[in-house]
Amino acid sequence: MDIVKIVIAGPRGRMGKEAVNLVLGTEGYELSAVVDRKYEGMKLGDIDGFPESDALIYTDFEKCLQDVQPDVLIDLTTPEVGMYHTKTALTYKVRPVVGTTGFSKEDLAELEQLSQEQETGCIIAPNFAVGAVLMMKFSQMAAKYFSDVEIIELHHDQKLDAPSGTAVKTAQMIADVRESKKQGHKDEKETIQGARGAEYEGMHIHSVRLPGLIAHQQVLFGADGQTLTIRHDSYNRNSFMSGVKLAVDTVMKMDSFVYGLENIIE
């Protein structure tokens, strides 16, 4: 069996710790190194809260790639850092699997072009939970029959971007099959600014941020005499790891760019 050499960026985050456990516990995977803001030159296993591992910690991402020469980067950081990591990885022909959200359309276009130029696979997924991806796909199916729709996404209060990447991706997928339509009364007026949430192609997106939440989304469809609700809930971050593994296994067979896990789920 060929061993997939993996570098994880952001190992001390909540998602990062789950990814570390996934890689260490998966046959055929090797955690070659991790990238962090601290602990340069230490072994990951020497940090409190981590299982035994000889993976070295790098603060210099480019040096990490030069020393380790990994097959895959799993990036679970922030949009700014994730953009730098993804571009640099592609330059070194390392395949990125990116769970960082908040990339702009321009960012995604730039990464897609670089992936094509380097002929190196790259998967960026706003949500790695398979159930969430199915929720998006089912919502796209429903939008062919229900043109009035609102999205409510609910996340923990430490999330930096709003709306979530999942909500934006859901709206984009719905917009692909739905004509742009201004919803609600034509004379509707917000008495408190923002009450109707963000607007995308006439759809409204509402973001909730509260402690106690992890990642949740419901898509509400309305028509004469009926409503349809499609909802997904992630109750812990381990729910995302099946999608991370699917992305790692898939990106090893790719030389192109993919945005959204729904594009690799058969």
Side-chain angles (χ1 to χ4, degrees), residues 1-101 111 114-115 118 120-125 127-130 158 214 234 236-255 261 264:
M1 175 187 293
D2 291 335
I3 301 298
V4 180
K5 297 174 64 177
I6 298 173
V7 165
I8 296 175
R12 290 187 296 119
R14 293 170 181 174
M15 278 282 286
K17 288 180 179 178
E18 293 290 351
V20 166
N21 292 331
L22 169 71
V23 174
L24 291 177
T26 300
E27 185 177 0
Y29 286 5
E30 174 188 288
L31 183 59
S32 301
V34 299
V35 180
D36 198 290
R37 295 180 292 106
K38 298 166 59 176
Y39 304 116
E40 168 71 29
M42 293 181 63
K43 293 180 180 180
L44 183 64
D46 294 335
I47 306 299
D48 288 344
F50 285 96
E52 183 177 345
S53 171
D54 291 331
L56 288 178
I57 302 172
Y58 287 80
T59 57
D60 186 327
F61 181 58
E62 196 160 358
K63 185 176 189 303
C64 174
L65 297 184
Q66 293 168 350
D67 289 353
V68 174
Q69 298 182 354
D71 300 302
V72 173
L73 162 71
I74 298 176
D75 185 273
L76 302 164
T77 57
T78 63
E80 296 77 14
V81 176
M83 183 67 179
Y84 165 70
H85 285 169
T86 306
K87 289 172 61 176
T88 306
L90 287 170
T91 301
Y92 280 84
K93 290 187 175 292
V94 175
R95 299 169 175 86
V97 169
V98 183
T100 304
T101 62
L111 295 175
L114 185 56
S115 172
Q118 295 295 102
T120 301
C122 175
I123 296 176
I124 298 179
N127 198 317
F128 278 115
V130 173
Q158 298 303 300
I214 299 294
S234 282
N236 59 55
R237 289 169 178 83
N238 190 50
S239 64
F240 304 115
M241 291 305 108
S242 59
V244 173
K245 184 178 186 304
L246 174 63
V248 170
D249 293 343
T250 303
V251 81
M252 286 297 297
K253 307 168 188 174
M254 292 170 42
D255 59 5
L261 211 62
I264 63 172

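We number each residue from 1, following the sequence as shown. On a predicted model such as this, the values are computed, not experimentally measured, just so you know.
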Who passes salt bridge (charged side-chain N to carboxylate O under 4.0 Å, His left out) against [X], sequence neighbours left out?
X    : value
D249 : K245
K43  : D54
D67  : K63

### Query
Could you walk me through whether F128 and V97 pass the side-chain contact (heavy atoms from CB on, under 4.5 Å) check?
CA-CA 10 Å; F128 278 115; V97 169; 3.6 Å; yes
### Task
Carefully, step by step, assess M241 and V244 under the rule side-chain contact (heavy atoms from CB on, under 4.5 Å).
CA-CA 5 Å; M241 291 305 108; V244 173; 4.0 Å; yes
### Message
Suppose we screen for side-chain contact (heavy atoms from CB on, under 4.5 Å). Which residues come up paired with T250, at least two apart in sequence or across chains?
### Response
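For T250, the residues satisfying side-chain contact (heavy atoms from CB on, under 4.5 Å) (neighbours in sequence not counted) are I123, L246, M254, I264.
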### Passing candidate, side-chain contact (heavy atoms from CB on, under 4.5 Å) with V251, options V72, T120, D71, I74
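So the option named by the test is V72.
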#### Entry: Residue pairs fulfilling side-chain hydrogen bond (donor to acceptor under 3.5 Å, both in side chains) with at least one residue in residues 4-17, sequence neighbours excluded
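Of all non-adjacent pairs touching residues 4-17, those that pass side-chain hydrogen bond (donor to acceptor under 3.5 Å, both in side chains) are R12-D36.
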### Query
Could you walk me through whether E18 and F240 pass the side-chain contact (heavy atoms from CB on, under 4.5 Å) check?
CA-CA 9 Å; E18 293 290 351; F240 304 115; over 6 Å; no
### Message
What verdict does the side-chain contact (heavy atoms from CB on, under 4.5 Å) test give for M83 and L111, after you've listed the backbone C-alpha separation in whole Å, the side-chain angles of each residue and the deciding distance to 0.1 Å?
### Response
CA-CA 8 Å; M83 183 67 179; L111 295 175; 3.8 Å; yes
### Message
Please verify the inter-ring angle class for F61 with Y84; under 30° counts as parallel, over 60° as perpendicular, anything in between as tilted.
### Response
perpendicular
### Query
Does any donor atom in the side chain of Y92 or Q66 lie under 3.5 Å from an acceptor atom in the other side chain?
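Distance-only check passes for Y92 and Q66.
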### Query
With sequence neighbours left out, what residues match F50 under ring-ring contact (aromatic ring centres under 6.0 Å, His included)?
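For F50, no residue satisfies ring-ring contact (aromatic ring centres under 6.0 Å, His included) once neighbours in sequence are set aside.
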